[in-house]
Amino acid sequence: MALLDSKVALVTGAGSGIGKAAALALAREGASVVVMSRTQNEVDKTAAEIEAAGGKAWAAIADITDDVAMKALVSETTKKFGRLDIVVANAGINGVWAPIETITPDEWDQTINVNLKGTYLTIHHAVPALEKSGGGSIVIVSSINGTRTFTSAGASAYSATKAGQLAMAQ
């Protein structure tokens with residue numbers, strides 16, 4: 001019996017990088033994994049890798065900045081698997097790195113919306129499902145730029161979002 005048998009995990013940004021690695025690791029431990037991203041091709045590949053190794057996966061497409069889409073994703077997850085136990089809020093962007101006096105309001109807003117609002121919406125819609133399952137775990141993937149190092153030139157929007165994620169988790 002694996003550590004996470006009968007558990008269901010949702011991983012945002014699961015098409016590549018840290019999100020993909022997290023999805024594969026959770027599946028290796030027995031969790032059924034919802035691999036979510038905005039890029040169908042990437043999540044299809046991640047889901048196929050999980051299934052080829054004998055695991056269970058569902059490739060889901062959603063935009064973490066879209067309230068309706070995230071609510072629907074969590075609802076569909078619980079319909080499909082009957083529960084939700086683990087959330088890895090990983091999806092995010094680097095955004096535009098520029099001095100604060102030159103970054104445009106639209107560039108600033110895009111980074112804030114994806115990294116901070118997207119993390120909020122992921123957790124906001126997942127918590128009731130986690131509670132219904134008797135509790136669970138939420139992992140927020142942040143960055144050294146928001147937890148320890150605040151001197152990266154041009155990273156004001158990115159660092160603000162990553163520090164905000166840390167504050168949200170605490």
Side-chain angles (χ1 to χ4, degrees), residues 1-40 42-43 46-47 50 55-95 109-148 157-170:
M1 183 169 179
L3 180 65
L4 300 176
D5 279 349
S6 80
K7 301 296 184 186
V8 177
L10 165 62
V11 182
T12 67
S16 62
I18 294 168
K20 180 175 183 172
L24 294 171
L26 290 163
R28 275 192 303 276
E29 290 298 329
S32 297
V33 184
V34 178
V35 292
M36 187 233 110
S37 178
R38 293 180 302 165
T39 310
Q40 186 75 55
E42 287 182 347
V43 290
T46 302
I50 290 169
K56 293 180 188 170
W58 173 44
I61 299 301
D63 178 350
I64 63 170
T65 68
D66 183 331
D67 182 44
V68 172
M70 291 309 293
K71 183 177 183 177
L73 174 70
V74 172
S75 177
E76 188 63 28
T77 296
T78 58
K79 283 180 191 166
K80 193 173 204 56
F81 294 102
R83 59 186 300 119
L84 180 61
D85 304 284
I86 302 161
V87 176
V88 179
N90 168 71
I93 61 171
N94 285 330
D109 287 348
Q110 181 185 26
T111 304
I112 299 296
N113 283 336
V114 173
N115 294 354
L116 204 51
K117 180 183 178 186
T119 299
Y120 155 73
L121 288 173
T122 300
I123 295 167
H124 173 73
H125 291 296
V127 165
L130 293 167
E131 288 174 338
K132 257 188 175 173
S133 298
S137 298
I138 298 171
V139 177
I140 300 173
V141 178
S142 185
S143 167
I144 189 172
N145 285 296
T147 61
R148 295 187 304 266
Y158 180 79
S159 293
T161 64
K162 295 305 178 172
Q165 287 176 322
L166 176 62
M168 191 184 311
Q170 292 180 344

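Source: prediction; values computed, not measured.
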Output for pair (Leu10 CG, Ile138 CD1), nearest 0.5 Å, gives 10.5 Å
Between Gln165 (side chain only) and Asn115 (backbone N and O only), is there a donor and an acceptor less than 3.5 Å apart?
yes
Short question: side chain of Asn90, backbone of Gly13 - any donor-acceptor pair under 3.5 Å?
yes
Under 3.5 Å, is there a donor-acceptor pair between the side chain of Ser142 and the main chain of Lys162?
yes
How close do Phe81 and Val8 get, counting heavy atoms only, and between which atoms?
CB-CG2, 3.5 Å
What's the spacing between Glu29 CD and Ile86 CD1 if we round to 0.5 Å?
10.0 Å
Expected output: side-chain Ser133 to main-chain Leu84 donor-acceptor under 3.5 Å
yes
Between Ile140 and Ala169 the two heavy atoms that sit nearest each other are CD1-CB, 3.8 Å
For the student: nearest non-hydrogen atoms of Ser16 and Glu42, plus distance:
OG-OE1, 4.1 Å
For Ala157 versus Ile112, what's the shortest heavy-atom pair and its separation?
O-CD1, 4.3 Å
Pairwise salt bridge (Lys or Arg N to Asp or Glu O under 4.0 Å) hits with a residue in residues 2-27, at least two apart
Lys20-Glu49
More than 12 heavy atoms of other residues, nucleotides or ligands under 6.0 Å from CZ of Arg38: yes or no?
no
Which pairs of donor and acceptor atoms, one on a side chain in residues 69-77, lie under 3.5 Å apart (sequence neighbours left out)?
from, atom 1, to, atom 2, distance (Å)
Thr77, OG1, Leu73, O, 2.8

In terms of heavy-atom contacts, Gly164 and Leu116 come closest through C-CD1, 3.7 Å
Pairwise side-chain contact, Thr119 with Met168, heavy-atom cut-off 4.5 Å (strictly under):
yes
Atom NZ of Lys117 and atom OG1 of Thr161: how far apart are they, to the nearest 0.5 Å?
14.5 Å
Contact check, side chains of Ile64 and Leu121, non-hydrogen atoms, under 4.5 Å
no
Assess whether atom CD1 of Ile61 is packed by more than 12 heavy atoms of other residues, nucleotides or ligands within 6.0 Å.
yes
Check: Asp85 and Leu4 side chains under 4.5 Å, non-hydrogen atoms
no
Once side-chain contact (heavy atoms from CB on, under 4.5 Å) is applied, do any residues pair with Ala23, and if so which ones, sequence neighbours excluded?
Val11, Ala14, Val33, Val35, Thr46, Ile50
Do Thr12 side-chain atoms and Ala91 backbone N/O form a donor-acceptor pair below 3.5 Å?
yes
